[in-house]
Amino acid sequence: MKKTLLLLATMFASLSSWAIEQDSDGYYLIASVEDWNAFSAIVATTNDANARMTADVDLGDSQAKIGHPNEKPSYFFKGIFDGQGHTLTIHYVADTSNGTNMSSPFPNISEATIKNIHFDGTIENATACQPAVIADVRYGTSTVENIWSSVTLNSTKGGWVEASGLVGCVDGYKDGHLIMRDCMVSGTLTASGSYNGCFVGYINSGGSATVDNCLSIATFNYSSTSGFMGQYNNCYVKQFPSSIPEKMRMNDEQLADGTIAAALQGDRTEEVWVQDVTAGTPMLKVFVQKETPTGINDLTETVKAKTGQRYNMMGQPVGKDYKGLVIEDGVKMIVR
């Protein structure tokens with residue numbers, strides 16, 4: 001135990017030598033791997049510190065994480081981390097031989113908010129029980145929103161494993177509650193253990209998760225799965241090893257023609273989901289260039305004056321026999 005504490009103290013001392021900048025709101029600004037490492041050291045002693053990304057960051061060989069995996073609540077990340085639409089590329093290896101037995105960028109969060117981040121890269125897990133792309137949720141209610149993960153996760157650990165495309169475990173024994181909204185998973189996840197999930201891996205008794213307006217087009221290779229734990233509202237899943245609930249099923253045509261993008265957007269005035277015409281799939285607006293997406297609301301305005309003609313969600317004219325989401329005379333409607 002003493003050796004572990006000495007190792008951590010040495011690591012944090014070396015990380016904290018980097019002068020990380022703060023903005024006028026007191027948020028630490030992260031634009032490099034050195035900034036990420038320095039913020040990791042800051043959270044080790046001030047776990048309610050806040051941060052904003054100001055550039056895409058590739059962590060390279062750095063295994064630094066925000067919030068310590070120790071079970072003590074004082075070590076859990078309790079702040080706000082805003083990616084502001086930037087990409088964080090990780091290359092984590094969870095292996096007890098190198099002292100990194102947690103595979104998430106935010107090992108444990110408590111009453112935290114993580115938002116507006118694209119996670120990319122890889123996670124190789126041989127030992128962690130909750131191999132997930134973002135975090136494990138403990139103590140209190142945490143919020144995860146506007147997240148896109150395209151991470152490739154490979155977990156070789158057997159037995160009880162709570163793998164997931166986003167959050168590994170919501171720990172009810174520690175009063176953990178999760179609010180997840182407007183998130184997307186598009187990576188590849190492979191796990192050989194049990195109790196794996198899509199957006200959420202596992203929820204202990206007493207915990208809860210509410211998942212709203214989320215999309216998975218990821219590829220899941222699970223040897224077994226616990227399915228979909230939590231309460232799901234307006235969520236869609238393309239592929240999963242176990243049965244996908246009827247209300248969450250979709251097909252490639254609906255992905256490509258804008259039907260799912262419009263369903264995820266709903267009747268909200270602020271545009272959150274758009275149809276990415278390059279990828280041919282829905283995408284969170286915060287992650288796409290302005291000239292790339294066809295916004296549902298913008299498209300309505302574009303074709304409003306063209307009466308008598310139907311258009312699909314990519315702005316292409318279609319016939320009256322076209323099935324799916326269309327716009328005619330400025331009105332969005334679904335033709336079945």
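Since this is a predicted model, take the numbers as computed values, not measurements.
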> Can you tell me if N204 uses its side chain to pair, donor with acceptor, with the backbone of G207 under 3.5 Å?
Replying inline: no
> Do N116 and H86 have side-chain atoms, one donor and one acceptor, less than 3.5 Å apart?
Replying inline: no
>> Using side-chain heavy atoms (C-beta onward) and a distance below 4.5 Å, is I179 in contact with S142?
In response: no
> Going by heavy atoms in the side chains, are K238 and T219 under 4.5 Å from each other?
Replying inline: no
> Are the side chain of S110 and the backbone of Y139 linked by a donor-acceptor contact shorter than 3.5 Å?
Replying inline: yes
> Closest approach of P241 and F220, non-hydrogen atoms and distance?
Replying inline: CD-CB, 3.6 Å
>> Taking I20's backbone N and O only, do any of them form a donor-acceptor pair with E34's side chain (distance below 3.5 Å, no angle check)?
In response: no
>> Using a 3.5 Å distance criterion without hydrogens, assess whether the side chain of D212 forms a donor-acceptor pair with backbone atoms of R181.
In response: no
>> Do I123 and T152 make a side-chain contact, defined as non-hydrogen atoms from C-beta onward lying under 4.5 Å apart?
In response: no
> Okay, side chain of Q231, backbone of A209: is any donor-acceptor separation there less than 3.5 Å?
Replying inline: no
> Looking only at side chains, do N221 and T190 share a donor and an acceptor under 3.5 Å apart?
Replying inline: yes
> Counting only N and O atoms by type, is there a donor-acceptor contact under 3.5 Å from the side chain of Q265 to the main-chain atoms of V272?
Replying inline: yes
> Is it true that the side chains of Y236 and N234 contain a donor and an acceptor less than 3.5 Å apart?
Replying inline: yes
> Does the side chain to side chain donor-acceptor pair (under 3.5 Å) test come out yes or no for S150 and D120, once each step is laid out?
Replying inline: CA-CA 5 Å; S150 56; D120 197 15; 3.0 Å; yes
> Can R138 and D175 be counted as an ion pair, charged N to O under 4.0 angstrom?
Replying inline: no
>> Between K174 and V137 (side chain of the first, backbone of the second, donor and acceptor by atom type, cut-off under 3.5 Å), is there such a pair?
In response: no
> Which pair of non-hydrogen atoms, one from V286 and one from G85, has the smallest distance, and what is that distance?
Replying inline: CG2-CA, 3.7 Å
> Is Y92 close to K65 at the side-chain level, that is, under 4.5 Å between some pair of heavy atoms?
Replying inline: yes
> Quick one: CG on N146 to CD1 on I114, what's the gap to the nearest 0.5 Å?
Replying inline: 13.0 Å
> What class does the angle between the rings of F287 and W148 fall in, given that below 30° is parallel, 30 to 60° is tilted and above 60° is perpendicular?
Replying inline: tilted
> Under 4.5 Å between any side-chain heavy atoms of S243 and R249, yes or no?
Replying inline: yes
>> Under a 3.5 Å cutoff, is there a donor and acceptor pairing between the side chains of T143 and E145?
In response: no
>> Any side-chain to backbone donor/acceptor pair from S164 onto L166? Under 3.5 Å, distance only.
In response: yes
>> When you compare the side chains of T141 and H177, does any donor N or O come within less than 3.5 Å of an acceptor on the partner?
In response: no
> What about V167 and M248, same hydrophobic cluster or not, with Ile/Leu/Val/Met/Phe/Trp/Tyr joined at side-chain heavy-atom distances under 4.5 Å?
Replying inline: yes
>> To check you understand the geometry: which heavy-atom pair defines the closest contact between D23 and L29, and what is its length?
In response: OD2-CD2, 3.9 Å
>> Would you call the rings of F240 and Y222 parallel, tilted or perpendicular, taking 30° and 60° as the class edges?
In response: perpendicular
> Any side-chain heavy-atom pair from D35 and V57 closer than 4.5 angstrom?
Replying inline: no
> Tell me, do I80 and Y27 make a side-chain contact under 4.5 Å, heavy atoms counted?
Replying inline: yes
>> Keeping Q63 on the side-chain end and H91 on the backbone end, is there a donor-acceptor pair under 3.5 Å?
In response: yes
>> If you compare all heavy atoms of P105 against all heavy atoms of F119, which two are closest, and at what distance to 0.1 Å?
In response: CG-CE2, 3.9 Å
> Can you find a pair of side-chain heavy atoms, one from L59 and one from W36, that are under 4.5 Å apart?
Replying inline: yes
> Does T46 use its side chain to pair, donor to acceptor, with the backbone of V43 at less than 3.5 Å?
Replying inline: no
> Any idea which heavy atoms bring A64 and N37 closest together, and the distance?
Replying inline: CB-OD1, 3.3 Å
>> Minimum heavy-atom separation for G121 and T89, please, with both atom names.
In response: CA-CG2, 4.0 Å
>> Could you tell me if N213 and W273 have a donor-acceptor pair between their side chains, going purely by distance under 3.5 Å?
In response: no
> Taking the six-membered ring for Trp, are F228 and F199 ring centroids under 6.0 Å apart?
Replying inline: no
